[in-house]
Amino acid sequence: MPELPEVEKYKRYVDYYALNQKIRTVTIRNTKILQNISKHKFESILLDQQFIETRRIGKYLFLRLSDDNWLVFHFGMTGNIYYFKNLKQEPNHSRLLIRFTNNNYLSYDCQRLFGFVRLIKNLNKYRFQIQLGSDALFISKKEFLQKIDKRTAKVKSVLMNQHFLSGIGNIYADEICFQTRIHPAQPINKISTKKIDELYNTISTVLNTAIYYQADFSKYPKEYIIPHRKKNGNCPLNKKHDLKTIKISGRTTYYCPIHQKKINKRK
DNA sequence: GTAATTGTTCATGT
DNA sequence: CACATGAACAATTA
């Protein structure tokens, strides 16, 4: 699930349930989620600390610890976070289990193990190291336009490039293209100034809408393409028209061939 | 059995 | 360097 709206949901969930509680035990159930640190060391660093603040940038979630180090979560394709009272409620693919002194638990669940957790000292330094672009919800129009300048890649590839701006993945890139009525394979430098303006505005509209509905696809506006992104899906604007699929950046892309046509205007 | 899956990185080629 | 593509990572489902 985890693109920007899902990770924002996790952030608010942690804010609500798991802040300011002392950590009593830490269990790494699968060491594949660790990077450059031993299970033992990771567990002992967290012990007796609390989470005192959270931050989300793009698809990353950062939890600040009492000692001012940060616990970083990346959710890969299948990561999630659960807080619960009874160990029986531990999810099936729990990879990190934290037990607080109030006897409640926080679990990082990650079926496909593409996600990871790690500890860092300096958030800005880490952000620079991994070349994480500005958050898609907070990038200024000025920076957006500057970064687009001279780029020739397909608009969807640009949207999904986390070095360019962070938080948008395969699903929401399709929605943003659809709502802007731009063909996802349109080279970004061949989009009119007016459409680029629309694109910029649509990014935050779509992401904020998704956050508002807590990333529950079934609640999205009826003109959204996301619930129709499946085999034999049709255009929510005109159900006669089948959606088409193509591959962009290796990802299956759904779009409506009637409402999203390639254009060839120069800037 | 085959293909696909909300992500990222690396190798390779243009 | 910009960009596209495919493979790899792993688990599960249609």
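As a basis for the values below, the full set of heavy atoms in this structure was taken, side chains included, without hydrogen atoms, waters or symmetry mates. Reminder, nothing fancy here: chain letters follow the sequence lines and each chain counts from 1.
Distance noted for atom C1' between B/dT6 and C/dC3: 24 Å (whole Å). With P as the reference atom, B/dA4 and C/dT5 are 15 Å apart, rounded to whole Å. A gap of 15 Å separates the C1' atoms of B/dA3 and C/dG6, to the nearest Å.
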Show me the protein contacts with nucleotides 1-3 of chain C, counting only N or O atoms at under 3.5 Å.
residue, atom, partner, partner atom, Å
C/dC3, OP1, A/Thr152, N, 2.5
C/dC3, OP1, A/Thr152, OG1, 3.3
C/dC3, OP1, A/Ala153, N, 3.2
C/dC3, OP2, A/Arg151, NH1, 2.8

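A distance of 9.0 Å separates CD1 of A/Ile52 from CG of A/Leu19, quoted to the nearest 0.5 Å.
Look at A/Lys59 and you'll find a side-chain N or O under 4.0 angstrom from OP1 or OP2 of B/dT8. Of the side-chain N and O atoms in A/His74, none sit less than 4.0 angstrom from OP1 or OP2 of B/dG7.
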Dot-bracket encoding per residue of DNA chain C, Watson-Crick/G-U cut-off under 3.5 Å, | denoting interstrand: .||||||||.||||

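Between A/His259 and A/His241, the two ring planes are perpendicular [angle over 60°; tilted spans 30° to 60°]. Aromatic ring orientation, A/Tyr224 versus A/Tyr220: perpendicular (interplanar angle above 60°, classes split at 30° and 60°).
Checking A/Ser249 against A/Tyr254, the closest nucleotide of DNA chain B that is more toward the 5' end is the one next to A/Tyr254.
A salt bridge between A/Lys11 and A/Glu8 is absent, with no side-chain N of the basic residue lying under 4.0 Å from a carboxylate O of the acidic one.
Checked options A/Tyr60, A/Tyr108, A/Tyr10, A/Tyr126; the residue passing with A/His74 is A/Tyr60 (criterion: ring-ring contact (aromatic ring centres under 6.0 Å, His included)).
Counting any heavy atom pair closer than 4.0 Å across all strands shown, A/Gly250 reaches no nucleic acid atom.
Between the CZ atom of A/Arg251 and the P atom of B/dT6 there is a distance of 4 Å, given to the nearest Å. Atoms CG (A/Asn170) and P (B/dT5) sit 8 Å apart, rounded to a whole Å. Separating the CD1 atom of A/Ile248 from the P atom of B/dT8 is a distance of 17 Å, rounded to the nearest angstrom. Taking atom CG of residue A/Leu132 and atom C1' of nucleotide B/dT8, one finds them 12 Å apart after rounding to whole Å.
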Protein proximity profile, nucleotides 7-14 of chain C - base contact B, sugar-phosphate-only contact S, no contact -, cut-off 4.0 Å on heavy atoms: --BBBS--

Nucleotides 9-14 of chain B: protein proximity per nucleotide (B base, S sugar-phosphate only, - neither; heavy atom, under 4.0 Å): ------

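Residues forming a salt bridge (charged side-chain N to carboxylate O under 4.0 Å, His left out) with A/Arg29 (at least two apart in sequence, or on another chain): A/Glu90. Taking A/His183 as the reference, A/Tyr255 meet the ring-ring contact (aromatic ring centres under 6.0 Å, His included) condition, with sequence neighbours excluded.
Scanning both residues, A/Ile246 and A/Ala185, for their nearest heavy atoms gives CD1-CB, 4.3 Å.
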